[in-house]
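Quick notes on the structure that follows.
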Amino acid sequence: MRNGPEWLRRHPGFAYGLLAALLAVLPFIVGAGLGKGWVRVLDFALLYTMLALGLNIVVGYAGLLDLGYIAFYALGAYLFAWLSSPQFGLHLPFWLVLPLGAMLAGSFGALLGAPTLRLRGDYLAIVTLGFGEIIRIFMNNLDQPVNITNGPQGINLIDPISIGGFSLGTPHTLLGVHVFPPTLYYYLFLAFTLFTIFVAMRLQDSRIGRAWAAIREDEIAAAAMGINTRNVKLLAFAMGATFGGLAGGLFAAFQGFISPESFNLMESVMILCMIVLGGMGNIPGVILGAVLLTVLPEALRYLGDWQRAALGHVVVDPNDLRMLVFGLAMVAMMLFRPAGFLPSRQRRREFRAEDGVAEQEQASLYDAQA
Amino acid sequence: MKRAGLTGLFCFWSGCSFPLWYKSRNSLFRQGLIMRFGYLGLTAVAMACAGALAGCGQGKPAASTEDVIRIGSVAPLTGAQSHIGKDNDNGARLAVDEANAQGLKLGGKPVKLELLSEDDAADPKTATTVAQKLVDEGVKAVVGHLNSGTSIPASKIYHDNGIPQISPSATAIAYTAQGYNTTYRVMANDAQQGKALGQYAVTKLGAKKVAIIDDRTAYGQGLADEVEKAVKAAGGEVVAREYTSDKSTDFTAILTSIKSKAPDLVFFGGMDPQGGPMVQQMKRLEIKAQFLGGDGLQNINFLKLAGADGEGVIASSPGLPLDAMPGGEAFKKKFEAKYGPIQVYAPYAYDAVNVLVAAMKRADSADPARFILELPKTNQDGVTGPLRFDAKGDIAGGSVTLYQVKNGAWTVLETVK
Amino acid sequence: MDIFVQQLVNGLVLGSIYALVALGYTMVYGILELINFAHGEVTMIGAMVALAVIVPLLGAGLPVALVLLLAILAAVAACMALGYTIERIAYRPLRRAPRLAPLITAIGVSIVLQNAAMLIWGRGYISFPPILPEGAHQILGAVVTDLQMVIVGLSVLIMIGLTFLVERTRLGRAMRATAQSREVAELMGVNVNTVISATFIIGSALAAIAGIMVSAYYGLAHYYMGFMLGLKAFSAAVLGGIGNLAGAMLGGLLLGVIEALGAGYIGDLTGGFLGSNYQDVFAFMVLIMVLVFRPSGLLGERVAQRA
């Protein structure tokens, strides 16, 4: 047993081939084994992975606590809806709209980042939270005097993504296999997720990534080393927001309907939970956190079946218990692994270090004051 | 099957945590990261596949068995609206229990209905996953969802799978305007109810100056906009349009601002948790205008929350009063004995199930493809009024009944067409 | 003019409620630098416990004053126990963990508390019986009720009491020492764990009182009521300068007044282009402007950037 992983590690090419093959057949296996509903859960897990990786740039890399991240997701989604739905009668192709949405979100990221440059820690958190709410409130109310967002009613009948006449929104039969839309979207989302992972990895190891780490650890020292802290911070906000906007556009196309209630504060908080729970700053950790927090509430729908299996009958309505167990699980996971499931190397080092040293180092992370 | 599926999930998680023990000895940071990452992902995905395959071997859900007909019921069962959601669910459950008690025979075989309740948390995204889950579990029809914002995205999934959906409470006009033959509702839409309310305010109550408040939800805003149109059409003047949210409790600021415009009537498009305190705060600020609301206020909870200040408030409810309908009183008694007071939409959920059962009986089949053809022919008396559908799937005729609080109870004023 | 005065009154009362909750946030933050996200839920539990006492006892025909006293005692006791437990279970083990870890447990705890309350007290809204006197007075053309005056008075009193506690008592000195440096305080013989527990217990007792006031004033309680309240109170605490008692009070009052005036006058100010639906946008804008120019809040100490 020990040899298997060892062998794989020595032959990364084979490991990657196997991974690619497994990822390719995953929706079919999940669809057949667990039900098509789980393919949809898989899609959302990928979307949230993108979002979490984007937020990880802001929070994990640059150490800027952002509680309004969902606003960029909303911007991307709304831009997609505006440009390809009956709302304005526009039906532009997705390859034009998605980058536009990402760009819009990215520029808003920089725009919203600008006034917050001097703020740290919890003050930054509350201001970003405010921005998130402001965007949502505008989306909820811009049906008057000119109807832009259709207000609380949301925008319906958004075009599905269609690649050269091949629409992902309708079932197809490919090579004799019946494929339904969530499976098609799975591959699209997977491609974008891999792209996001690639960019996030390259960013982390780039000059900019090191600048972010420097700012996160000690802003003054970073400035003294010649890092333009203002530009680098704005870049973090903009890069993070870009991925948010991209995921938003994909969400709008996938769902076909968006309304402001999809972009509330709790969503921002959950994305933050994903990266903290998984292991901030560490890409595999963030992915794990995103998948875990997307899958867990859905898995807990089966609490009734578990009770029936264990006790013979349903004692407590699973719907009463579901979120309670979810909350308990969040607390327990954090107590079990305080630095996240897969902490970044640096985090792990902090935890192994002498307590005093660790505390000193932590004091510099995400702090509000010296 | 489900249990096995969960074993798969468990494997998936344990797969994710397994490589925690693994320490990268690669000194080259970047290469180490990439390698570790690939290895980790491989373990995780392999575990997920293995788990799902294990689930595969356990066979398909029990839905394939002939004698059980599954009906889905979806509403928010957690979060701020869960009390209304549970109410819908209870209404549907009562109808299912009754149908089972009476004994249902389709195609000569006795069948049993089973209600699968799911929580969509009033979240559009969750609504679509739940819809897909219900489709997987082989439901033949769905009662729900509660909100327009969840009913609309879910309706596409039901439509794609040919499963009829009857919402007991979604009122947005867009819900039935998508051209789906699977989408119905037993509740008057915003336009139907808003028109009745606005006309009533101006012509019957003689209000010349009207202030309108809405809670910026799809329901409140939709209804308030229609009321505004109807008030203007009837020759009334809208002197103030104010807004709050479905999470607010303090309305003194907007009420003070309304007071300065001295309206004859204040209309609120929203639900009882806001309406109750709003009426109290109006009294406290000594605003004398008549208070008018929609179906979101016409319930017991509003009376409780408004207390003595609720006296004189007028609110509407689509359909006819429960006691005017055959079986209405009996429904109320049975429901309250089992689940406590009716919150808001339980009677509509009850009717929705009965419409579905009647269609199945007429088609003598629980096959959605067959009984869906019977749904447009629906013509029966529900507890909320006569039930007939128009071409879009909206309730036809759409009478609206107005009630007023007198001596701490809702009493019927009149029914308008 | 009387409309303006009335809006000010509306804002002050709302602000006092925010301030009551914000005081609890700020106390915990002052010592632990931890956003106790579960504080809003503790407020909710306070209101629920009080109602669970009031409704049956009133039905049994006990005098109102006695019922009220018992309810307050029960709620305060329950919340103190809850606050202590939350700190022991969810925060203490993470004291040496990264700073965002306790934030996640705090969010987990608030989800647990909400859903536990839903299981215990049901999903419905519970109405608060009208037992408090509602005498109305005319002051400068505005209507002010007795209960409103009690709320404003109580929040001021509690703030003064807390300031006294922190500035003048032994426990207060220990709290300040702990806030400055846990290690040094420990060296000076301060039992840091006791001090932190005491802070949570006091903060939770305040939350209980705030919860009762809120549900009495608005006439209802619901398991979800803590979320928005907690969020607004947290914003208020930050606006005033988190960790500062007077700041929490000022932030709360200011936020309340801004919201009331925003809702009341935004329409007139923008010529009807924006309405009271932008009330929160207005409040957040002010918050952001304040923080942009004073990054540590209104009364927060201006911290030098770390050298």
Side-chain angles (χ1 to χ4, degrees), chain B residues 76-87 89 213-216 221 240-261 271-274 276-281 283-287 299-310 340-341 343, chain C residues 2-11 13-14 17-18 111 114-115 118 122-130 134 136 138 142-145 147-148 214-215 217-220 222-225 227-229 231-232 256-257 259-268 272 275-280:
Chain B
L77 301 174
T78 54
Q81 299 173 11
S82 59
H83 63 298
I84 318 171
K86 191 72 195 170
D87 188 52
D89 198 46
I213 307 173
D214 78 65
D215 66 357
R216 296 320 284 172
Q221 180 255 347
R241 184 77 204 254
E242 296 291 345
Y243 311 90
T244 181
S245 83
D246 59 340
K247 293 176 189 71
S248 301
T249 42
D250 196 302
F251 313 101
T252 50
I254 53 171
L255 290 174
T256 303
S257 158
I258 282 175
K259 188 184 178 184
S260 68
K261 311 262 169 60
M271 303 298 297
D272 45 301
Q274 278 69 46
M278 191 179 284
V279 173
Q280 288 187 340
Q281 288 165 30
K283 282 280 144 60
R284 215 179 278 156
L285 289 168
E286 296 167 357
I287 299 172
N299 54 55
I300 304 280
N301 202 38
F302 173 79
L303 298 177
K304 236 171 52 183
L305 294 179
D309 297 329
Q343 295 283 347
Chain C
D2 56 336
I3 291 294
F4 181 74
V5 177
Q6 184 71 56
Q7 290 292 26
L8 268 186
V9 170
N10 299 338
V13 176
L14 183 62
I17 287 171
Y18 291 159
I111 294 178
Q114 272 174 22
N115 287 279
M118 179 180 100
R123 290 183 164 91
Y125 280 74
I126 304 172
S127 66
F128 197 99
E134 273 271 337
Q138 292 276 345
V143 188
V144 185
T145 65
L147 189 56
Q148 288 177 323
V214 170
S215 60
Y217 180 53
Y218 295 118
L220 50 76
H222 184 240
Y223 74 87
Y224 212 69
M225 68 186 264
F227 180 72
M228 266 321 259
L229 191 63
L231 189 66
K232 288 283 169 69
V257 171
E259 279 190 8
L261 294 185
Y265 291 103
I266 231 174
D268 300 338
S276 51
N277 39 352
Y278 293 97
Q279 169 191 348
D280 281 355

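Values reported hereafter were calculated over all heavy atoms of this structure, with side chains retained and with hydrogens, waters and symmetry mates removed. What you see is a predicted model, and the numbers here were worked out from it, not measured in a lab. Chain naming here is simple, since letters A, B, ... match the order of the sequence lines and numbering starts at 1 in each.
Proximity to chain C is absent for every atom of Gln81(B), based on heavy atoms less than 4.5 angstrom apart. Neither the backbone nor the side chain of Ile258(B) comes within less than 4.5 Å of any heavy atom of chain C. Only the side chain of Asn115(C) comes within contact range of chain B, with heavy atoms under 4.5 Å apart.
Side-chain atoms of Gln279(C) and Glu242(B) form no donor-acceptor pair, as typed in the model, at a separation below 3.5 Å.
We find the OG-CG distance between Ser260(B) and Asp2(C) to be 9.0 Å, quoted to the nearest 0.5 Å. Within the model, atoms CG of Asn277(C) and CG of Asp214(B) stand 8.0 Å from one another, a figure rounded to the nearest 0.5 Å.
Ranked by non-hydrogen atom pairs under 4.5 Å with chain C, the options Gly276(B), Ala240(B), Ser248(B), Pro273(B) are led by Pro273(B). Between chain B and the residues Val144(C), Leu220(C), Leu229(C), the largest count of heavy-atom pairs under 4.5 Å involves Leu220(C).
Scored by the side-chain contact (heavy atoms from CB on, under 4.5 Å) test, Leu231(C) finds Leu129(A), Leu265(A), Met228(C) as partners (sequence neighbours excluded). For Gln221(B), the side chain to side chain donor-acceptor pair (under 3.5 Å) partners two or more places apart in sequence, or in a different chain, are Asp143(A), Gln153(A), Asp225(B). In this structure, Phe251(B) has no ring pair (Phe, Tyr, Trp, His ring centres under 6.0 Å) partners at least two apart in sequence or on a different chain.
Between Ile3(C) and Thr256(B), the closest heavy-atom pair is CD1-O, 3.7 Å. Residues Asn301(B) and Tyr125(C) approach most closely at OD1-O, 3.6 Å, considering heavy atoms. Leu305(B) and Gly219(C) get closest at one heavy-atom pair: CD2-O, 4.1 Å.
At least one donor-acceptor pair closer than 3.5 Å links the side chain of Gln7(C) to the backbone N or O of Ala253(B). At distances below 3.5 Å, not a single donor-acceptor pair connects side-chain atoms of Thr249(B) with backbone N or O atoms of Tyr218(C). With hydrogens and angles ignored, the 3.5 Å screen pairs a side-chain donor or acceptor of Arg123(C) with a backbone N or O of Leu77(B). Side-chain N or O atoms of Asn10(C) include one that pairs as donor or acceptor with a backbone N or O of Thr252(B) at under 3.5 Å.
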Could you walk me through whether Gln138(C) and Glu286(B) pass the side-chain contact (heavy atoms from CB on, under 4.5 Å) check?
CA-CA 11 Å; Gln138(C) 292 276 345; Glu286(B) 296 167 357; 3.2 Å; yes

Quick one: do Ser82(B) and Tyr224(C) satisfy side-chain contact (heavy atoms from CB on, under 4.5 Å)? Show the steps, please.
CA-CA 10 Å; Ser82(B) 59; Tyr224(C) 212 69; over 6 Å; no

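When the heavy atoms of residues 259-266 of chain C are compared with those of chain B, the residues falling under 4.5 Å are Ala260(C), Ala263(C), Gly264(C), listed by number.
Taking the side chain as every heavy atom from C-beta outward, Tyr217(C) and Pro277(B) never approach each other to under 4.5 Å.
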